[in-house]
Amino acid sequence: MKINEMNPIELYKKLPKKNCGECRQKTCMPFALSVIKGEAQLSECPYLTGDARDAIEASLKISDWREELIAKLRGEIKRINFDDVAEGIGAELKDGALMIKCMGREFVIAPDGEITTRGHITPWIKILLLHYIRTAGKGELSGKWISYGEMKSGMVKASSFLRECEEPLKEFFDNSFDKTVAMLQMLGANTCEGFPTKNAFHLYLLPKIPVVILYWPKEEEFESKVKIIFDSTVDRFLDAESVIFLVEGLVKNIEIILSRG
Ligand code: SF4
């Protein structure tokens with residue numbers, strides 16, 4: 001498997017650095033990060049000329065490993081009988097395909113692993129959905145909430161989860177509380193009760209992966225805080241690393257909308 005040969009800083013150095021936001025990111029740096037993660041295309045920057053773009057693409061080599069991984073996962077998906085897994089993962093079966101709702105969007109996954117939806121699909125979402133199907137989790141949700149650190153292998157990756165997921169969400173709430181709430185509601189979140197803050201938002205990131213996002217605003221000597229909690233069955237449906245991937249997608253969605261003002 002080929003690996004990405006460029007990191008976000010190296011890519012940033014090759015961008016026009018106008019920080020104009022025309023690529024839907026606030027500045028060139030988050031754009032570089034999104035390209036490396038496969039959530040944005042170089043063509044979204046109108047200031048990259050054909051030759052410069054070709055040169056960057058040649059050094060990126062990022063599509064190779066993603067496409068290889070997607071092809072590998074599709075190979076595994078082909079061997080799965082959708083009738084056996086649909087109910088367990090909370091998907092609907094229609095004409096032999098699985099219909100899965102992920103963050104407010106409906107995706108159709110054909111038996112050969114091809115994924116379609118309205119609008120653009122990033123490699124990131126393809127990998128995530130194929131992982132979710134391949135994991136083929138089943139069983140009822142427990143209704144008992146756990147932190148990311150309580151998941152299997154969650155402790156090892158807890159600092160990444162804090163940095164990539166909880167910290168950015170906290171900033172969104174701190175800086176644009178109403179817009180962040182509106183965005184969560186747009187993605188299907190409902191306010192909920194019974195948690196130690198009134199700012200508690202329940203939403204399904206995938207049919208069997210509900211989360212509750214808790215936000216405490218700054219108060220006197222206490223700093224603001226965000227905690228994201230999961231149903232205690234989460235490990236059955238996705239591994240800890242994929243869960244970071246999933247919540248990062250939520251963060252990215254909110255960030256893009258907020259950056260549009
Ligand atoms: S479009 Fe994006 S990447 Fe291109 S110069 Fe503007 S901010 Fe930078």
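Just so you know, ligand 1 is whichever comes first in the structure, and atom 1 is the first atom listed for that ligand.
Y204 and H202 have perpendicular rings, their planes meeting at more than 60° on a 0 to 90° scale where under 30° would count as parallel.
When side chains are defined from C-beta on, L203 does not count as touching P210, because their heavy atoms never get closer than 4.5 Å.
No donor-acceptor contact under 3.5 angstrom links the side chains of T233 and S142, judged on distance only. For the 3.5 Å distance criterion, the side chains of T49 and D51 fail to qualify, holding no donor opposite an acceptor. No hydrogens or angles considered: a donor-acceptor pair under 3.5 Å links the side chains of E22 and Y47. S34 and K252 are linked by a side-chain donor-acceptor pair at a separation below 3.5 angstrom, with hydrogens and angles left out of the test.
Contact atoms of ligand 1 toward P46: 1 (S) (distance under 4.0 Å to a heavy atom of the residue).
Within the protein, the N, O or S atoms lying under 2.8 Å from atom 8 (Fe) of ligand 1 are C28 SG.
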